[in-house]
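Data first, discussion second: the structure below is written as structure tokens.
Given the structure is predicted, the values throughout are model-derived calculations rather than measurements. Start at 1 and go down the list; that is how both ligands and their atoms are numbered. Values reported hereafter were calculated over all heavy atoms of this structure, with side chains retained and with hydrogens, waters and symmetry mates removed.
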Amino acid sequence: MAEKVKTVRGFRDLVGEEARKYRFVVDTARKVLERYNFEEVILPTVEYAKLFARSIGEATDVVEKEMFVFTDKGGREVALRPEGTAGAVRAFIENKLYADGTYKKLFYEGPMFRHERPQRGRYREFHQIGAEVFGTANPVADAELVGLADEILKTLGVEARLEINSLGCKKCRPRYREALLRYLREHEEELCEDCRRRLERNPLRVLDCKVEGCRRVAQEAPKITDYLCEECKTHHEKVKEYLSALGVEFTENPYLVRGLDYYTKTVFEFVSPELGKTVLAGGRYDYLVEELGGPPTPALGFAAGVERLMLLLKELPPRPPLVVVIPFGGEEVKREALKVARLLRKEGVRTELSYREGKIKKQFEFADKIGADFALVVGEDELKSGLYTLKDLRRREQERLPFEEVVRRLKEASS
Ligand code: ATP
Ligand code: MG
């Protein structure tokens, strides 16, 4: 046999049940998003690398280490997108979605790429479903977005703990940054190599570092919530108040910073205790649109990791019952069976037309093997009498029925 070519490390096939889980997660989230009047945007998978460097931040793990960057044939530096917000913001600007002066609520879904060490719930190609709200500074929007995320998770039956924090703004964050930097310098030798190297450029990254030593240092660090300006403090208080009004439970984590630099004010994460990982995360990014060349536009959003949600799904709704149409006889029978199968599908019945030939016993074995619930025999007798044999493969019963009655029963079973 020829040598087999395997999938690339960190890339996966979603086959059978896995593919169904994927669709279920995405479709469920999509339905909730559409009820909140979010509109879908379909964005490219490849963008100029500088889009990510400028938005996510040069001194972040995602940009420094995890991006799939390459030079295209025209000599341009492009990247497989590691996340969706940067592209959504670019699209918002490029398509002038700010033109009507209202706010815009967009969602996207699709593959993201990060060169990380693969493990359970961490892949190099993974999928996100994300939502972005452009054009409002109102804390009601923050609360509603978190509430929407909560609703998606509840609808999927996924349990996760919500943590929130505020990262302040241009006015108050520099003061915090100074205080943090002062503290971190005193503990420099306890930090990992990456954090030490990035200390001056991006001290907040230490708070998001997963290395044990850094986590210990982070535990005693100054808290950003002690440094917020009046505006950010009020905003944060309002968000919490509205969340309580919505009945969304949360805990405050003053060290929550997220792995991307563009966040301001509200940040949040839904953490699954079962997985020990974040399943959905987001926050405000009030300067990003402007920083990427658009008009000043406060905005916020989140992204959920589809694979992590798949791992936490308790049950997948069953597929509708399956009927196998079994032609039994000559050419005329085959023509009739083709028509019968098509008609059943038109009526919404999940139908397989058997391509097997030969003994009826073999046909029923085939029907069992593919997990069919019903078999409908189309044979010479059926053509003559107009009565079709419908076999209930679960109950092991069969009846001869006029075609309309067959359709009626199968439709009923399918609804
Ligand atoms: P983590 O801390 O687990 O690395 P992150 O902070 O890098 O996550 P975000 O950039 O906020 O993650 O992305 C949002 C969500 O996308 C995460 O909460 C997670 O569910 C999912 N996600 C991120 N990276 C991966 C990955 N490599 N494989 C699978 N899912 C991922
Ligand atoms: Mg990460």
Donor-acceptor pair, Thr351 side chain versus Val349 backbone, under 3.5 Å?
-> yes
Do any heavy atoms of Arg258 fall under 4.0 Å from ligand 1?
-> yes
Ring center gap for Phe107 and Phe38 short of 6.0 angstrom | no
Specify side chain, backbone, both or neither for Thr278, according to which of its non-hydrogen atoms lie closer than 4.0 Å to ligand 1.
-> both
Residue and atom name of the nearest protein heavy atom (relative to atom 21 (C) of ligand 1), distance in Å to one decimal | Gly305 CA, 3.6 Å
What protein heavy atom sits nearest atom 4 (O) of ligand 1, and how far off is it?
-> Arg122 NH1, 2.7 Å
Are Arg408 and Glu405 close enough for a salt bridge, meaning some N to O gap below 4.0 Å?
-> yes
Do me a favour and list the nearest non-hydrogen protein atom to atom 27 (N) of ligand 1 with residue, atom name and distance?
-> Glu116 OE2, 2.6 Å
What do you reckon, does Lys210 put a non-hydrogen atom under 4.0 Å from ligand 1?
-> yes
Donor-acceptor pair, Arg350 side chain versus Pro320 backbone, under 3.5 Å?
-> yes
Ignoring hydrogens and angles, tell me if any N or O in the side chain of Arg76 forms a donor-acceptor pair with the backbone of Ala49 under 3.5 Å.
-> no
Identify the closest protein heavy atom to atom 8 (O) of ligand 1: which residue and atom is it, and at what distance?
-> Arg308 NH1, 4.2 Å
Any side-chain donor paired with an acceptor under 3.5 Å for Thr136 and Asn138?
-> no
Checking salt bridge (charged side-chain N to carboxylate O under 4.0 Å, His left out) for the pair Arg201/Glu58: CA distance, chi angles, key distance, verdict?
-> CA-CA 9 Å; Arg201 275 201 298 163; Glu58 298 270 8; 5.6 Å; no
Quick one: look up the protein heavy atom nearest atom 30 (N) of ligand 1 and list residue, atom name and how far away it is.
-> Phe126 CD1, 3.4 Å
What's the shortest distance from atom 5 (P) of ligand 1 to any protein heavy atom, and which residue and atom give it?
-> Arg114 NH1, 3.8 Å
So Ser55 and Glu291, side chain to side chain donor-acceptor pair (under 3.5 Å) or not? Walk me through it.
-> CA-CA 8 Å; Ser55 54; Glu291 279 166 10; over 6 Å; no
Nearest-contact summary for atom 28 (N) of ligand 1 - protein heavy atom, Å = Tyr123 N, 3.0 Å
Using a 4.0 Å heavy-atom cut-off, say whether Gln128 meets ligand 1 through its side chain, its backbone, both or neither.
-> side chain
